[in-house]
Amino acid sequence: MSTQSTSSTTKLRSAVLGAAGYSGAELAVMLARNPYFELSYAFASAGRAAEPFSNLYPRYQGVVDIQVQPWTDDLVEDLADKLDVAFLALPHEASEAVTPLLLAKGIAVFDLSGAFRLKDPALYPKYYGYEHQHPELLDQAVYSLMEWLDKPLPQLVSVPGCYPTACSLALLPLLKAGLVADGCIPVINATSGVSGAGRKAALNTSFCEVGLNAYGFFQHRHRPEIEQNLGRKVVFTPHLGNFKRGILATSVVTLKSGVNAEQVAAAFQQAYAAKPLVRLVNHSPNVADVAGTPFCDIHWQQDGEQLVIVSAIDNLLKGAAAQAMQAANIKFGAPETAGLFAGAAE
Ligand SMILES: NC(=O)C1=CN([C@@H]2O[C@H](COP(=O)(O)OP(=O)(O)OC[C@H]3O[C@@H](n4cnc5c(N)ncnc54)[C@H](OP(=O)(O)O)[C@@H]3O)[C@@H](O)[C@H]2O)C=CC1
Ligand SMILES: CC(=O)N[C@@H](CCC(=O)OP(=O)(O)O)C(=O)O
């Protein structure tokens, strides 16, 4: 299965689990418009009655009308020879439980949760609040920050988290080029729109409650994920802002003595000149410019050894669904951006 490639005439049969949620819904829409994939199934939780996707998201009436069905694990048997790829937009523990069932049936899994992102199982109790039940899968999973991946994707793909995507794309060019001072602990402050918390109702993310506040000091589950990506400690402080979608991450590092502006620019150019979803911009990035797009916009300002890098993404797109679609396109040999742009001819 994992060596299978596709063309727009032989579409990969795909399912979205969690299609009623925010990131799963974005994926369902992308799969429906991607000529290399077919949205064969859409599932929500077992407690929900079957209904059309466009009932849940009325703007897609006449565009994506697939039936969203309740998921139960016994469906796996029936799906085994009807499905090539499953995209999981589920809570972490639900993803962790269903993944081995899908893998056993030869189905490729793109997991949008954090269930398989960390390599060290001991970090799960501390940062996720549960003991990992399938630590053997942590070694099998490959983390799909595609701009920085230099190996093929296997059957189990772990899609990066939203905040880690924004700040890792900002910091990796400098770290890989060896420009950051030894011992520098990058400081990352990032603000997410409320869709980052998912569609379910909760008091702290309801309209009248959200202003702008920091949370998760030192304890957020994205801290070890970012540290794993960067290979060094960070101070990461997420914030919640009163807008719907987008993440703005401001990362601060100390450069090695004597590093000049040309070296910094060259590091970013070398990393991203050939990458279609990262835009190096000459202005301060704005979530309004990336909301609804699969791009990550990056800008930096230097003052001697101090460097501030600002990056902006849509948390539901480059931070979740578009990044999963990008990875699946690459894994199966479709054009990297197939399905990512509304109305785009592929
Ligand atoms: N929101 C974001 O910005 C990002 C989210 N992610 C990750 O993606 C995943 C989904 O997040 P998000 O879209 O925000 O979540 P939502 O809360 O919006 O949606 C979750 C979906 O999962 C379904 N679901 C919940 N439990 C189960 C279960 N046991 N079995 C089957 N289906 C279930 C829900 O069904 P129902 O509607 O019926 O309850 C719903 O469709 C999470 O792991 C999250 O960490 C990753 C990056 C960014
Ligand atoms: C605003 C908000 O609540 N954001 C979420 C992160 C978004 C998310 O779902 O995290 P993953 O990228 O790991 O899947 C949080 O802080 O828990």
Using 0.5 Å steps for rounding, measure from the [atom1] atom of [X] to the [atom2] atom of [Y].
X: L12; Y: F37; atom1: CG; atom2: CZ; result: 5.0 Å
X: L83; Y: K105; atom1: CG; atom2: NZ; result: 12.5 Å
X: Y272; Y: W148; atom1: OH; atom2: CH2; result: 5.0 Å
X: K233; Y: I226; atom1: NZ; atom2: CD1; result: 12.0 Å
X: L156; Y: H134; atom1: CG; atom2: NE2; result: 11.5 Å
X: K176; Y: L230; atom1: NZ; atom2: CG; result: 9.0 Å

Tell me if a side-chain donor or acceptor on [X] pairs with a main-chain N or O of [Y] at a distance below 3.5 Å.
X: Y124; Y: A115; answer: yes
X: H92; Y: S113; answer: no
X: R223; Y: F218; answer: yes
X: S206; Y: L203; answer: yes
X: D314; Y: G292; answer: yes
X: R232; Y: P186; answer: no
X: D65; Y: G62; answer: yes
X: S144; Y: V157; answer: no
X: Y163; Y: N189; answer: no
X: D297; Y: S311; answer: no

Q) Given D111 and S95, is the side chain to side chain donor-acceptor pair (under 3.5 Å) satisfied, shown in steps? A) CA-CA 7 Å; D111 178 34; S95 265; 2.6 Å; yes
If you compare all heavy atoms of [X] against all heavy atoms of [Y], which two are closest, and at what distance to 0.1 Å?
X: A108; Y: K331; answer: CB-CE, 4.2 Å
X: Y36; Y: A334; answer: CG-CB, 3.6 Å
X: A166; Y: I247; answer: CB-CG2, 4.1 Å
X: A324; Y: L27; answer: CB-CD1, 4.3 Å
X: S168; Y: L145; answer: CB-CD2, 4.0 Å
X: T237; Y: A214; answer: CG2-CB, 3.9 Å

Q. Checking R221 against Y130: charged group under 6.0 Å from the ring centre and within 45 degrees of the axis?
A. no
Q.
Determine whether F236 and H220 satisfy the following criterion, ring pair (Phe, Tyr, Trp, His ring centres under 6.0 Å), listing intermediate values before the conclusion.
A. CA-CA 8 Å; F236 166 62; H220 195 278; 5.6 Å; yes
Establish whether [X] and [Y] are linked, either directly or via other cluster members, by ILVMFWY side-chain heavy-atom contacts under 4.5 Å.
X: L171; Y: L248; result: no
X: L137; Y: Y128; result: yes
X: V194; Y: L112; result: no
X: V278; Y: V159; result: no
X: L240; Y: V290; result: no

Taking C-beta and beyond as the side chain, do [X] and [Y] meet within less than 4.5 Å on heavy atoms?
X: Q301; Y: H299; value: yes
X: L123; Y: H132; value: no
X: H283; Y: D289; value: yes
X: V16; Y: F43; value: no
X: Y57; Y: E26; value: no

Q. Given Q323, which of C296, P160, S23, P294 fulfils the side chain to side chain contact (heavy atoms under 4.5 Å, CB included) condition?
A. P160
Q | Residue pair D73, W71: steps toward the side chain to side chain donor-acceptor pair (under 3.5 Å) verdict | A | CA-CA 7 Å; D73 287 350; W71 173 263; 2.9 Å; yes
Considering residues, nucleotides and ligands other than [X], do more than 12 of their heavy atoms fall under 6.0 Å from its [atom1]?
X: E209; atom1: CD; answer: yes
X: K119; atom1: NZ; answer: yes
X: D303; atom1: CG; answer: no
X: Q270; atom1: CD; answer: no

Q: With sequence neighbours excluded, tell me which residues meet side chain to side chain contact (heavy atoms under 4.5 Å, CB included) with V308.
A: T250, V252, V310
Q | Criterion salt bridge (charged side-chain N to carboxylate O under 4.0 Å, His left out) on E38 and R13, from CA distance to verdict | A | CA-CA 5 Å; E38 172 186 289; R13 301 162 301 172; over 6 Å; no
(Q) Classify the ring geometry of Y60 against F53: parallel below 30°, tilted from 30° to 60°, perpendicular beyond 60°. (A) tilted
Q) Parallel, tilted or perpendicular: which fits the ring planes of F295 and F341, with parallel below 30° and perpendicular above 60°? A) tilted
Q.
Applying salt bridge (charged side-chain N to carboxylate O under 4.0 Å, His left out) to E336 and K275, what does each step give before you reach the verdict?
A. CA-CA 10 Å; E336 181 168 352; K275 304 295 178 188; over 6 Å; no
Q: Under the side chain to side chain donor-acceptor pair (under 3.5 Å) rule, what do E147 and Q326 come out as? Steps first, then yes or no, please.
A: CA-CA 10 Å; E147 285 75 11; Q326 175 192 14; 3.1 Å; yes
Q) Passes side chain to side chain contact (heavy atoms under 4.5 Å, CB included), V259 versus V264? Steps please. A) CA-CA 7 Å; V259 169; V264 171; 3.9 Å; yes
**Q.** Working for side chain to side chain contact (heavy atoms under 4.5 Å, CB included), residues F207 and N242
**A.** CA-CA 8 Å; F207 181 73; N242 60 358; over 6 Å; no
Q) Would N315 and S195 count as having a side-chain donor-acceptor pair, cut-off 3.5 Å? A) yes
Q: Check the pair Y143, N229 against side chain to side chain donor-acceptor pair (under 3.5 Å), reporting the backbone distance first and the verdict last.
A: CA-CA 9 Å; Y143 185 83; N229 293 350; 2.9 Å; yes
Q.
Go through it in stages, so that I can follow the logic: the residues are D182 and K256, the test is side chain to side chain contact (heavy atoms under 4.5 Å, CB included), and I'd like the CA-CA distance, side-chain angles, deciding distance and then a yes or no.
A. CA-CA 7 Å; D182 296 335; K256 284 180 178 161; 3.9 Å; yes
Q: Give the C-alpha distance, both sets of side-chain angles, the deciding distance and a yes or no for side chain to side chain contact (heavy atoms under 4.5 Å, CB included) between V142 and L149.
A: CA-CA 9 Å; V142 167; L149 193 71; 3.8 Å; yes
